[in-house]
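To start, the structure itself, in structure tokens.
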Amino acid sequence: MTTPFNARLGFAPVHTAPRGDVLVVIFLRGAADALNMVVPYGDAVYYTLRPTLNIPRPDDRRFELAQRAHDLDGFFGLHPAMQSLLPIWQAGHLAIVHACGAPDESRSHFQAMALMERGVENERGPGSGWIGRHLASLNTGNTSSLRAVALGDMAPLSLSGSVPVAAMRSVADFHLGGKGTNAAIRAATELQKVLAQMYAPTAPHALAQQGAQSLDVLQLLNKLDPSRKDTSLPYPQTDFGESLRQVGLLVKAEVGLEVAALDLGGWDTHFAQGSSVGWMANLLRELADGLTALYADVIDSANRVSVVVMSEFGRRAHENGSLGTDHGHGGAMLLLGSQVRGKRVHGTWPGLQAEQLIGPGDLAVTTDYRDVLAELCIKRLNNPNWQQIFPGYTATFRDVFALK
Amino acid sequence: MKTYSRREFLRLAGLAIAGVSLTGCANGQSQIIARALPGPSLATALANPLALPSADFRALNRLCYGPTANERAFVRAHGIPAWIETQLAHTGINDDSTQWRLSSVDSLTLSANEIQDSYADLFDGADKEAAIGELRQATLIRQIYSERQLYEMMVEFWSDHFNIDAGKGDCWFLKMVDDREVIRPHALGRFRDLLWASAHSPAMLVYLDNQANRAGTPNENYARELLELHTLGVHGGYQQQDVQALARCLTGWTVKSGFVRWPGEFIFDEAQHDVQVKTVLGMTLQPDGINEAERVIDQLATHPSTAQFIATKLARRFIADDPPAHVIGRTAQAFTRSQGDIRVTLKALLLEGNGLAALQPKLKRPSQYMVSALRMLGGQSGGGAGVQTVLRRMGQPLFGWPTPDGYPDRAEAWQHNLLPRWQFALALTHDQIDGTWINNEALETVATLINSQRIDSLYQWLFGESLPERMRESLRAIATDAIAEPSATARTTLAALLCAPNFQWR
């Protein structure tokens, strides 16, 4: 990917509005199999295409309840490993968009991810990320250095842009050492002073802003007490679960967070994918339990959080010979929040008949992911600049979100 | 760097064995060796700074893991082009002392099933992390100490290009073999040989699921990445049906497995091979067993798109995140002209058309940042758990990138995570990293320089340019604020210099 950041966007009009929801974006890396996550059990062809890997119908009593899809709307069912999300679905706070995705048909993880995170259709678009452009085009009067955070060692491309973003594994880890001896504490204090000079925001070098932001965040987070963990919340005991816990912490601490980005990897199930149980089921359970814990954690501010779960593309409609699935096309997005039009699977189901599949046998895309995200920007993030955020695209709004 | 006579080697061997008996572990052994073989000394370097013209410093900083006295002395005497030529003829460079440092890494010379056996625990499975740790340890020792710096950079380059996540399945012991038998023998050889070895590598086949690629039940994973990431590139002109056809050619390319654990060898399983006619990239392949995919690999190795793709990646590694098209073009032509000779290609990139004049700043990735700090400060390290933990915190544990595209090579990927670098700088200079230290002589030298207001030579050493006034002021402020203990000031000053913006760039 060689397109440089489009400097012209720095001069695009900035919209002024109060802050909207905190946006939590979870990217499922590796192309998550939407057909087994949100099962089109009402489409009989699904069962002929996946004789081994299918998730049984909700009413198929040849199988234990724990193996069957949970009915969502009479046509789609939720993978049983995700059952912790059902109360949220019933409450109308979970919406799904199926047969959703991007135009890119390379079926390359890296190309598809890069284009999706940049919010563009090809190399000619800006090199910055769609969230980076959102942050740059919205003035919320929020001067916090923690407008955006990436949980992990790297900030995803979607956050890339003119607003600096810190990557961190946890709030507790985000300190400059200086524990134990007086000498160590003194050294850390001295070093921080020098760092403040070397990384002053106006210092004439490429890392000035990033360094200054890191130092600001350091000061901001030092005031929080990360030891005050609410251990009653059942976040999964994994890196992903811990990252979600950190998001909950930062939301409640009211440090000015607008966007948090997390990754959950391992979805590239070419081989031994499993069905109701197995590799993918374990990931789905981790995802669902994490989302449920986050939801419970910030439920007091639930009307201020919008969670988006997305993946670079879906997987092939028919199973392969290794009891897995290959790269496909259409996928699904999950949306959580008190202001989604929930308890609904949005989008148009294109069908799984041979003539309805595209390419080597993949689910078609009937809702462009940018339709959903553009609507999110306007209705939940108070940013009407979706045409800058998704340049060259004309969005069709699908009524997935309610107005604030 | 002095070369060691046989007698000295024997003496050191005795020390090493004594070290094991004293400490009872390989890590201890590597410590003993590290003490017996002091690396480049900062004190000596500062006494005789060997200043270079800034263009030469920049080039050297780009082409090795941090210019120590050895590299500087050579370049002062013979210039950068001669240094590059010497480095490219890497087998002619004596690297015995590095070999000695590696002697504590047991699995370096073991076969796959020997490694698996030596780490297997009858009841609790295998200590996989320890095995992967040995590969990381060897890699770090080489990057820090080897005289064959450009060669080690190319080993890193190809390890990224043919990425294998050592944490996946049997790769925990197979990757060590892949490092030894695929990457290292061919890193400065011919691309075709490297590609060939990789395609027959048990580690690669397991990593990309090809052992599950069988007639009637094809698995596309390796075939796709072979085209997209190893040779042509995503825009290199292949179609989805080429991926599928190539996958069928590759059926039967698998790893030997037996009743008693006997893994680790490539085998072509005739019974699993798809016997249809296939068409890949316009080539019709009659059924011919292993030769089908081998013919395709031969074609891919010298395909013009491969030349372009490899040239682009090399230019990105050595010249700039977004290298100029003419640099890529010239390099791709050299690749094609020489049928994928890596040395010839590198020479074209670096030495033809005033290549090094096109250098733009490149952000150091975490491992290079750490290794350069150790090299430039004459730090000692056994490459063990202490420094490996640092790398994990910085996001580059080595051989741990999950996806086949390898650790990213652009500033944007790494620039958001500065704090762990600062944490490392503080820890290294305050003896807080296990198995790693800066010796007292160096600290005393720095303290003396600070006291006599001659910090310029230290700055010149680290950055190849004169100390800017702003920085002088910031550093002076440390000296006045610190309690009167000279080594405390020296340590914090070194930490500050490692945190400096300039030090983040190659």
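Each chain gets a letter, A, B and so on, in the order its sequence line appears, and its residues count up from 1.
Counting heavy atoms of neighbouring residues, nucleotides and ligands inside a 6.0 Å radius, atom CG of A:Asp239 does not exceed 12 of them.
Ranking B:Asp405, B:Asp209, B:Thr492, B:Leu418 against chain A, the residue ahead of the rest is B:Asp405, based on heavy-atom pairs under 4.5 Å. Options B:Ala496, B:Cys499, B:Pro218, B:Pro501 differ in how many heavy-atom pairs under 4.5 Å they form with chain A, and the most are formed by B:Pro501. Between chain B and the options A:Leu323, A:Leu195, A:Asp268, the largest number of non-hydrogen pairs under 4.5 Å is found for A:Leu195. In terms of heavy-atom pairs under 4.5 Å with chain A, the best-connected choice from B:Gln240, B:Arg224, B:Arg214 is B:Arg224. Of all the listed residues (A:Gly265, A:Gly211, A:Pro164), the one sharing the greatest number of non-hydrogen pairs under 4.5 Å with chain B is A:Gly211. Across A:Gly324, A:Ala166, A:Ser106, the residue that shares the most heavy-atom pairs under 4.5 angstrom with chain B is A:Ser106. Each of B:His430, B:Glu473, B:Arg393 has some count of heavy-atom pairs under 4.5 Å with chain A, and the biggest count is that of B:Arg393. Most heavy-atom pairs under 4.5 Å with chain B, from the set A:Asp326, A:Val194, A:Leu159: that is A:Asp326.
Smallest separation of non-hydrogen atoms from A:Pro204 and B:Arg470: CD-NH1, 3.8 Å. The minimum heavy-atom distance between B:Trp505 and A:Ala206, with the atom names listed, is CZ2-CB, 3.8 Å. Heavy-atom minimum distance, A:Glu190 versus B:Ala477: OE1-O, 4.2 Å. Nearest heavy atoms, A:Tyr199 versus B:Ala500: OH-C, 3.6 Å. Contact between A:Pro360 and B:Gln244 at its shortest, heavy atoms only, is CB-NE2, 3.6 Å. What you find for A:Ala167 and B:Asn417 is that their closest heavy atoms are O-OD1, 3.4 Å.
No donor-acceptor pair closer than 3.5 Å links the side chain of A:Asn320 to the backbone N or O of B:Asn219. Judged by distance alone, with hydrogens and angles left aside, the side-chain atoms of A:Ser322 form a donor-acceptor pair with the main-chain N or O of B:Ala212 at under 3.5 Å. Using a distance-only test at 3.5 Å, with no hydrogens or angles considered, a donor-acceptor pair links the side chain of B:Gln423 to the main chain of A:Asp173.
Using a 4.5 Å cut-off between heavy atoms, A:Phe174 contacts chain B through both its backbone and its side chain. Heavy-atom distances place both the backbone and the side chain of A:Arg107 under 4.5 Å from chain B. For B:Pro408, the part lying near chain A is the side chain, with the backbone staying farther off; criterion is any non-hydrogen pair under 4.5 Å. When heavy atoms are compared at a cutoff of 4.5 Å, A:Leu218 approaches chain B solely by way of its side chain, counted from C-beta outward. The contact between A:Glu105 and chain B is made entirely by backbone atoms, counting heavy-atom distances below 4.5 Å. Residue contact with chain B, scored on non-hydrogen atoms closer than 4.5 Å, involves the side chain of A:His205 exclusively. Contact annotation for B:Pro402: neither backbone nor side-chain heavy atoms come within less than 4.5 Å of a heavy atom of chain A. Of the atoms belonging to B:Glu225, it is side-chain heavy atoms, and not backbone ones, that fall under 4.5 Å from chain A. When heavy atoms are compared at a cutoff of 4.5 Å, B:Gln504 approaches chain A solely by way of its side chain, counted from C-beta outward. With a 4.5 angstrom heavy-atom cutoff, A:Leu191 touches chain B via backbone and side-chain atoms both.
Residues A:Gln210 and B:His416 bring a donor and an acceptor atom of their side chains to less than 3.5 Å of each other. Using modelled atom types, one finds a donor on one side chain and an acceptor on the other under 3.5 Å when comparing B:Ser474 with A:Gln197. When only modelled atom types and interatomic distance are considered, B:Glu412 and A:Ser160 share no side-chain donor-acceptor pair under 3.5 Å.
Atoms CZ and CE, on B:Phe503 and A:Met198 in that order, are 12.0 Å from each other to the nearest 0.5 Å. Rounded to the nearest 0.5 angstrom, B:Asn210 CG and A:His270 NE2 are separated by 11.5 Å.
Using a 4.0 Å cut-off between charged side-chain N and carboxylate O, B:Arg392 and A:Asp153 make no salt bridge.
By the 4.5 Å heavy-atom criterion applied to side chains, B:Asn221 and A:Phe271 are not counted as neighbours. Residues B:Glu220 and A:Arg316 form a side-chain contact, since some pair of their non-hydrogen atoms from C-beta on lies under 4.5 Å apart. In this structure the side chain of B:His235 reaches within 4.5 angstrom of the side chain of A:Gln111, judged on heavy atoms. Between A:Val217 and B:Leu419, the closest side-chain pair of non-hydrogen atoms is not below 4.5 Å.
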* Asked: For B:Val234 and A:Phe110, what are the C-alpha separation, side-chain angles and deciding distance, and is it a side chain to side chain contact (heavy atoms under 4.5 Å, CB included)?
  -> CA-CA 9 Å; B:Val234 70; A:Phe110 317 104; over 6 Å; no
